[in-house]
Structure formats: C-alpha cells, structure tokens
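Report on the structure given below.
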Protein chains: 2
Amino acid sequence: MLTDRQLLILRAIVDDYIKTAQPVGSRTLSKRSDVTFSSATIRNEMADLEEMGLIEKPHTSAGRIPSELGYRFYVDHLIRPESISPQEAKALKSLFAHSVNENDRLIRHTADLLSELTHYTTLVLGPKEEGQRLHHLELIPLAEGRVVIVLVTETGHVEHKTLQLAEALSREAASRLMERLNQTLRGTPLSQLRVRLLEEIRRFRSEHSEQTTLLSKALDIVLMDQDNERPLIYLGGKANMFDQPEFQDVAKLRPVLELIEQQEALFDFLSPNLDNQILITIGSENNVDALKDCSVIRAHYSVDGISLGTLALIGPKRMDYNRGINSIIHLLQAFQTELRKNSLD
Amino acid sequence: MLTDRQLLILRAIVDDYIKTAQPVGSRTLSKRSDVTFSSATIRNEMADLEEMGLIEKPHTSAGRIPSELGYRFYVDHLIRPESISPQEAKALKSLFAHSVNENDRLIRHTADLLSELTHYTTLVLGPKEEGQRLHHLELIPLAEGRVVIVLVTETGHVEHKTLQLAEALSREAASRLMERLNQTLRGTPLSQLRVRLLEEIRRFRSEHSEQTTLLSKALDIVLMDQDNERPLIYLGGKANMFDQPEFQDVAKLRPVLELIEQQEALFDFLSPNLDNQILITIGSENNVDALKDCSVIRAHYSVDGISLGTLALIGPKRMDYNRGINSIIHLLQAFQTELRKNSLD
DNA sequence: AATTAGCACTCGTTAAAAGTGAGTGCTAAC
DNA sequence: GTTAGCACTCACTTTTAACGAGTGCTAATT
C-alpha cells in the first residue's frame, strides 16, 4: 500500500499535470505549501511510484506524468467529490428555467449545457427505442397515397415516418384502423411493435374485410427500417477539443473528431454501461484505438427506473475528472427531472 | 488581354497547383508536352502574369501559385466543363435507385453523396419554411393536455411540435377544429401561418363557442418559436477537411471547422444567392474571415420554380473547381427530381 | 523582335553542431 | 530516514553550413 506521503505526491502530480499539461518535476513539487520535505525525498518517492507503474517520464530529463494506472488510481481513490459551488448550483437550476417540452430539443440542449459547463466535448445518446412503450399511434392519410404515421412513446418521444402506398387510404378507413390499433397496442414495447402491428392489421382486415394489404406492406418496410435505425447521438462543444494542448497536432486530433462523427461507432462504444451509474474509462480502457489518448466519463439517465440513454463527456486523459464528474452528476439530476415532466405515464 | 501562351501558362499553373499543392516552377512547366517554349520564356511570361496579379510567389526562390484573382480568372474563363464520365453518370443515376420518401433523409443522403463524390465537405441548407405552403395540419391530443401538432407542407416536408395545455383537449374538439383548419388554411404560406391560424381559431371559437383559448395560446408560443427556427443545415464529409494539406495546421483548420458547426453563422453565409444558379466564391470573396483560405461552390435547388435551399461544397482555394462544379450540377439534377417526387402538389 | 542559354543570386529547407537548462539518480553527509 | 551536492541525460533552442529549386537579368541566338 501507499504511504500518506506517496499519496500526497501522486495526487499533487496528477493535479498539477491536469492543470498545466507539463511534466511535473521534484523541484516544482517541493515548493508547494503542503510539501514539507525536500526535492530529493520527492525524487526518491517518485522513483518508487514509477516502479509501481503509477507515474512515468516522457524522457530521462523531464518531470513525471501520470500513467494510465496513475489516473485510474487517482479517479478511484484520490478524488475529493468537491461539492458544487453555490453559484454553480444556482446556475444549474436556472438552466432548465423554462421547460423544453420536446425530448429531442431537451437532449440537444442538455448536450450543449454540459459542454459549456465543463469545456469538454459532450455526447448524449438518445433514448433507446427497444425499451420504450407505445403510447399512441396516428395515421394521417395525405394526397396520392402518402400516409404519415406518427408514433408517440410513453416517454413523450414523438416521431413520424412517411409511407408511400400505391393507392390512397381513405380517412375513414385510417380512422377506424387507428382506433383499433391504439386500443390494442398501447403499452407495447417498440421492440415488438412491428410484429404485433402487422398481426393486428391482419386481424382487422379479416374482421372487417377491409383492403389494408398495401398499408401493411408499406408499414412493414418502414418499421423494418426503423428497427435498424439507432438512437440519435447529440454532440456538444466539439470545438472544445481544439483547446486541449494534446490535440494541437492534427494527427492526434483527427481520429478523435472522425470517430465522433460516426454515429454507429460511437453508439457501439457508448451503449454498454448497464451496471454503474457513472463509468470512467481512461485511455486504452476505452478499447477504441481512436480514443487511446482520451478519457470518457459516462452516466446513464433513466426515468421511472427505465434506463433510456447515456450522457458522456470526452476529453484528454489529462481531463479534470473532478469537475467532469461533478458536472455530469448534477446535470444528470436536472435532466432526468425534465424528462420526467415530459413523459406520459 | 492575355495572349494564348499566357492563358496556357496560367491554366497550367493552376491545374498543377490544384493537383500537387506545390508552387509551380518554370522548369516543371517547360517539361509539359503542351509547352514548346523554354523555361526562360516561361519565366518572362510569369513575370507578366504576376504583374497582372494573377499569380504570386510565396517567396523569392519558390515557384508560382495562383492568386485569388488567378483562381477567379481560371474559374471564369479557363474551366472546360469537362462532361462527366459515362461510368460516373451511371453511378449518379443509381445513387437514388431506391427513392427516399422523406425529405429530411433525402437531404442528408444527398449531402453524404456529394461529399463522397467530391471528397470535399458538403453543406446542404434545408428548405426555407417561409416560401412553403401548408398542405395538411393534424392535431393529436394525448394524455394530460399534451397535444402533438403535425404539419405537412406541399413539398412533402413533415414536422411535428408538442404543445402542453393546462387542460386536456378532447379528441372530438380537436377533430372538428382540425377539419375546419384544413379546409380554410390549405395552401397558406408558412410565413403567414401563425397569424392566420390564430385568426381562424378565434373565429371557430366564436362560431361554436368552444373553449380553445388555451390551445390558441400554446399554439402561438410554439409557432412563434418556429418562426425563429432556421432551416437545418446538413453536413457531409467533414473529415475530408483533414486530407487537405493546407489544413494540416490546427490553426488553419480550427476556424473552418468551428464555423461549420455554427448553424446560424453558416445560414447567414449560405442563404443569399438568389440570382445565379451556381455561385463560386474564392477566399476573401466569402466575406467571412474563417473562410479566407477556402472556396465555396454553391447551387440553389428548387422544385416547381420555388427556390428551396442550397447545396454547397467547401474546400481549400486550391480546390478542384472542375470536378466540384460538375459534381454539384449533376447531383443537383438528381436531387431535384427526387424532391419533386416527394411533393404533394 | 522574340526566344533562349547562361549565370549570379535569393531564400526556404535540411542537417549537423553547440549551448542551455530542467530534471534525474546516486552518493555521502546529516 | 532525510537531504545537500553533483555528475549526467536529453529535449529544446540557436547557430552555422550546405543544398537546391527557382528566379531575374544579360547576352547570345534565331
């Protein structure tokens, strides 16, 4: 185990490096007010810390920087969960001063807020469809066989699709079908919606001998498509990446920005995080080559116990974990409260 | 006026520089098969071209590069509208092989296609609301005073908003009101929709003595909001910027990428282009500091004579104008055809 | 009169050399 | 166990030199 002095030194190194992005030398450390021992002692301790793999030197004659293991240790044991300042707490409350009654916009707004709060890049993974349940379905027949289908989930998420039928669907037929569908399908998880919807239409057809084959086919195609569609990812503060000294080199910056633009890759990366409420992954822990120099702080958001999506913060390994974690926790609270308001039991 | 030989040299310099990104020297040019005169002659001609402001040298002992004026001259007079290759034409046709019946997705798809085709970054400015006309309006009352309003324009654009009323709107009331609104408001330009909609609700209320004050208020707020909302900008191939040698430096890259992320700034920049069908702006011609090292090729798209939005291509000043112009022209055609299919007379 | 060969000159680029200084590891004294 | 002292390392900066692509000018050539 580490001695108190070693803990002090390790924390000092990480804190300093997070602040300055410069390797920290023994002399610099010895000047700190909380350090009562000499630089030589520090050098000895540093040698030990290095042996343990917690810090490393970029080259022989530089100071030390935290290794990934060092960051991990720092995050796990050395972070003081420094509570948010009163003014920040106030600011946070007023952020959602006027409610946003559409989830999409709320999510986008949240992504922007979080990045503004932390000065890091933010990802917000929109609600997963599968888990959500149908609240209401509406068919709107337009001219020329065009039909708009509107789908409202219990979380208050609204979404529309356009179908193109070979022949027009009458307003009456649509209305009758719709009433039936809403009666029988409310509460159906979206993951089962396609199958149950088609089933229900088939049954409706046989009972009322109405011509809904075309509708059924078109719906099938559109919903199939929807199945493949993944929840949206909203990004905030992409430009913040430019401010990080570690990303001044285009070669470093490029893979990160490229990854961020790829919805699929990001989705795969962000989604698995079902156990913990807050998950921090550092450098190679991300298991994504493009993020080997980045750290990610993730938090799950849920409403009424149903996990909906993920809030994430992405920055250099040398990111301000303290601030990041605090910001994400507090924003998460406020965000979930807002989401709750928008849901339709 | 320029002599034929000067034209040849100027074109050669621009072509070469576009291809290699390296200043072009007299010796290099003299080796071209279409150059029959010596490097000394070229040097003399170059001196003249430089005096005219068409080319310049980065420093004394480098070759020449085109000046902005040079690019302008090249674009205006030296581009041969090299018709598209048969295979490319074929590829273009198959791009929209299966129709996308939602304009939003169609636009996004188009942005991606164009960037893939040209290897430049693409911007597609979505349809302006003002000019469009209402095709259909639907009110969907949900639980707890939540009402979804769906708005379909004649261009086939579908869009929904959520209202929150203090008390529930009955399905019957909604249905009656809706029927009335659709009868009277179809064809209304969206720019007038808010005013006329409120008017119509007020009249309906007095005629049927129904309680629609709350609805009217909520609608007002939401539509007001919509007025301020600007059409979306879809981006394609952002990562292509990384490939340009002129943007290897973060300092150069940053302002461009930052601008691209700012919807408002981009909108202001892209929208005014009512006269020409294709507009090319080079470097400082963009009147935007962030784009002083970029060129932009813009094309307007319209359906049934109604101008809807803009397709744009953004790259370094040294961009392949030929390819860019050709790609944008051809894609524009195909894109408009698809849009036409989705419109509802 | 137009073209071209020749040549001195410029200047960015690259490479090597030398100097600087922050930081280290080790040793010996405290 | 702690610390002062010192030789050593090595990235970084500056200096110097060599290189070479390209130019502008002049004089010879067509």
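Chain letters run A, B, ... following the sequence lines, proteins first and then strands; every chain starts at 1.
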Which pairs, protein N/O on one side and nucleotides 16-18 of chain C N/O on the other, fall under 3.5 Å?
none

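A side-chain donor-acceptor contact under 3.5 Å links Asp15(B) and Tyr74(B). The closest side-chain donor-acceptor pair between Asn322(B) and Asn326(B) falls under 3.5 angstrom. Side chain to side chain, Thr121(B) and Asn240(B) fail the donor-acceptor criterion of an N or O pair below 3.5 Å. Side-chain atoms of Arg298(A) and Thr310(A) include no donor-acceptor pair closer than 3.5 Å.
Stacking of Arg323(A) on the aromatic ring of Tyr120(A) is not recorded, the 6.0 Å distance cut-off and the 45° axial limit not both being met.
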Go through Ile282(B) and Tyr321(B) one step at a time and tell me if the side-chain contact (heavy atoms from CB on, under 4.5 Å) criterion holds.
CA-CA 11 Å; Ile282(B) 300 162; Tyr321(B) 295 96; 3.8 Å; yes
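Atom pair His59(B):NE2 and dG12(C):C1' shows a separation of 5 Å (rounding to whole Å applied). Computed from coordinates, the Ile42(B) CD1 to dT3(C) C1' distance equals 12 Å when rounded to whole Å.
Here Thr41(B) reaches the OP1 or OP2 of dT4(C): one of its side-chain N or O atoms lies under 4.0 Å away.
Remark: His119(A) engages no residue in a ring pair (Phe, Tyr, Trp, His ring centres under 6.0 Å) (not counting sequence neighbours). Listed by chain and residue number, His77(B) satisfy the ring pair (Phe, Tyr, Trp, His ring centres under 6.0 Å) test with Phe73(B) (two or more places apart in sequence, or in another chain). For the side chain to side chain donor-acceptor pair (under 3.5 Å) test, no residue two or more places apart in sequence or in another chain qualifies with Ser67(B).
Contact check of residues 1-22 of chain B against DNA chain C (heavy atom, cut-off under 4.0 Å) returns Arg5(B).
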Under 4.0 Å protein heavy-atom contact, by nucleotide of nucleotides 17-30 of chain D - B base, S sugar-phosphate only
----BSBB------
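Remark: Arg27(A) CZ is loosely packed, at most 12 non-hydrogen atoms of other residues, nucleotides or ligands lying under 6.0 Å away.
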